Amino acid sequence: MFATLSDRLTSTFKNLRTKGKLSEADIDATVREIRRALLDADVAVPVVRAFTGAVRERALSAEVSGALNPAQQVVKIVNDELVAILGGQNRPLRLAKTPPSVIMLAGLQGAGKTTLAGKLALHLRSQGHTPLLVAADLQRPNAVTQLEVVGERAGVPVFAPHRGNQGSEDLSGLAGGDPVAVAREGLATARARQHDVVIVDTAGRLGVDADLMQQAADIRDAVGPDEILFVIDAMIGQDAVATAQAFAEGVDFTGVVLSKLDGDARGGAALSVASVTGRPILFASTGEKLTDFEVFHPDRMASRILDMGDVLTLIEQAEKAFDAEQAEAMAGKLASGEDFTLEDFLQQMQAMKNMGSMKKMLGMLPGMGQMREALDNFDEREVDRIEAIIRSMTPAERRSPKMINGSRRSRIARGSGTTATDVNQLLDRFEGAQKMMKQMARGGGMGVPGMGNLPGMGGKKSRGRVAPPPRKAKGKSGNPAKRAEQERLAADRAAGLTPRAPQGSAFGLGQPAAPEQVDPGALQLPPGLDKLLGR
């Protein structure tokens, strides 16, 4: 969504990093480029003026002039101001102290309210709530049927006493019942069935009109919602501001939900609505699946726009997709020194597929904007091909890939609909991954305590600072003469004598370990030497 804006801002900051000190002309040029980038992204003109004015004022202050790295300080200022216009801090969904909590969805037709109702219900259900969907959109043809399908996929019940407009000529919205009465009955049903959250899906129009606002206001007055969420298409462009202001005056919504953030439009609506209306953005829809739904964090979205990544969201998605028991079992397996097999590789790939689009995950890593072309050319079906190759192997081949010879490669290629070259490439890549896993298990390749050295740190200089390994004690020799010498030395050490040199040496006599008083008269002299000494 924000690819063009992110590229423009990244290139602007790249020019700043080459300068050690920023002049007023440099800051003016940077602010001018930021203004152009925001206007090209369809951001509302009042928002652009306020944003660039705040950035310029802070960039000319002592905050930048006294910084060690002025370019990074300007990036921080832009990041802070982006967070501010996106709503500042994340606000959680407000639920009633006494259930059921009522959440009403409002917006234009085609914004994605019905699909978003199912996504929100699934999100609340994963948090332990028991939501109920109420089909109060009786105007759009087959809207009730669509909500029932979405509710079934999300595992959430749907209250739909009337079928609504089934494509008949009557488009008044009352052909299948009164939407206000349906909303009121849905709330009563939720109380009776002990649902703690009620999500009311209302009708929309192709444009803002009096009938739409009146019907939405009547439903609001009938159920007294705790939250009124305005669902807006992120690809709507400059018209987002006028539409948001009309709904703020007519319905007085409490929060905004951005839909279709996975589109390729310029996305200025997301940067305009929160600033113009003063209402926070609570959620964002990022795809067609019910799981493509996330809580909106202004600071994380600003980091994505500035190509600084969104690692926290990536971690949260990984925690949802990966089974904790499987992850613990895998960690124990690697710690015990067992080999990383193709079965383990397949299991990890399936968990990554559960996280969603691979492009989306890679795009959350910092600096991936510089590899945008490679990301765009990435084929999501490559994961499916790898899975097909592994599933075409026998269990023994998955556990021991070295047994795969030429004929087995041909059989696997035929079974998976690929070529022998594809199988060879997969085995080569897996061999590299297996070596990396072994290195991690042994504690090598990481520059942290207990994890060995980083690559490139094993040179002569670093080797000299490493403590030598302890010497192992020598075992008994197989030579009888050497074994007798070893036993004699061991007996001398046990008696407290210093080791004696080999026989024939001038220092062959053993000496006591501690000095003792020796009586000269007790010395046994050689024959004839006592006469020479006068004895």
Side-chain angles (χ1 to χ4, degrees), residues 153 262 264 286-292 314 317-365 367-442 444-446 455:
R153 289 168 54 195
D262 57 324
D264 56 356
T286 58
E288 297 179 359
K289 298 181 180 179
L290 292 182
T291 53
D292 293 336
L314 187 61
Q317 292 183 359
E319 289 176 347
K320 294 178 183 178
F322 284 81
D323 188 358
E325 295 181 358
Q326 291 181 353
E328 187 176 353
M330 177 63 66
K333 182 176 182 179
L334 294 177
S336 62
E338 296 184 38
D339 283 340
F340 180 71
T341 65
L342 280 168
E343 291 178 342
D344 302 327
F345 186 57
L346 179 62
Q347 179 182 337
Q348 299 300 315
M349 285 191 59
Q350 290 173 339
M352 290 183 66
K353 284 180 64 176
N354 294 335
M355 291 178 62
S357 170
M358 194 73 70
K359 289 183 181 180
K360 192 183 302 180
M361 286 188 293
L362 293 175
M364 292 182 185
L365 298 176
M368 292 303 292
Q370 302 173 12
M371 303 174 62
R372 196 174 307 282
E373 184 177 354
L375 280 178
D376 293 338
N377 294 331
F378 177 76
D379 189 1
E380 296 277 359
R381 295 173 297 178
E382 181 67 22
V383 180
D384 297 330
R385 281 192 288 268
I386 294 175
E387 184 176 353
I389 293 174
I390 298 177
R391 290 191 181 278
S392 299
M393 300 178 183
T394 64
E397 290 170 346
R398 296 178 194 174
R399 289 191 293 268
S400 181
K402 292 183 179 180
M403 67 184 296
I404 300 177
N405 53 21
S407 60
R408 291 175 182 265
R409 282 185 173 88
S410 300
R411 190 205 75 238
I412 294 170
R414 289 194 304 271
S416 58
T418 58
T419 63
T421 303
D422 297 330
V423 178
N424 290 335
Q425 290 177 352
L426 171 61
L427 294 176
D428 290 342
R429 282 182 287 181
F430 173 74
E431 185 178 358
Q434 197 175 39
K435 290 180 180 179
M436 182 185 69
M437 290 296 183
K438 289 181 179 179
Q439 188 178 11
M440 291 174 61
R442 290 197 303 265
M446 295 290 182

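Treat the numbers as computed from the prediction; the structure is a model and nothing was measured.
- Every residue meeting the side-chain contact (heavy atoms from CB on, under 4.5 Å) condition with Arg414, not counting sequence neighbours, appears here in chain and number order: Ser410, Arg411.
- Taken to the nearest 0.5 Å, the OG1 atom of Thr341 stands 6.0 Å off from the CZ atom of Phe430.
- Smallest separation of non-hydrogen atoms from Ile412 and Glu397: CD1-OE1, 3.8 Å.
- Contact detail for Met403 and Arg408: the closest heavy-atom pair is O-CD, 3.3 Å.
- Of the possible donor and acceptor atoms, none in the side chain of Ser416 sits under 3.5 Å from a partner among the backbone N and O of Ser392.
- The closest side-chain heavy-atom distance from Leu346 to Glu387 is below 4.5 Å.
- When every heavy atom of Ala413 is checked against every heavy atom of Thr419, the shortest pair comes out as CB-C, 3.5 Å.
- A donor atom on one side chain and an acceptor atom on the other are not found under 3.5 Å apart for Thr421 and Asn424.
- Rounded to the nearest 0.5 angstrom, Asp384 CG and Arg391 CZ are separated by 10.5 Å.
- A distance of 9.5 Å separates OG of Ser400 from CG of Leu342, quoted to the nearest 0.5 Å.
- Although no hydrogens or angles enter the test, the distance criterion places no donor-acceptor pair under 3.5 Å between the side chain of Arg409 and the main chain of Val423.
- In this structure, CZ on Arg398 lies 8.5 Å from CE on Met393, to the nearest 0.5 angstrom.
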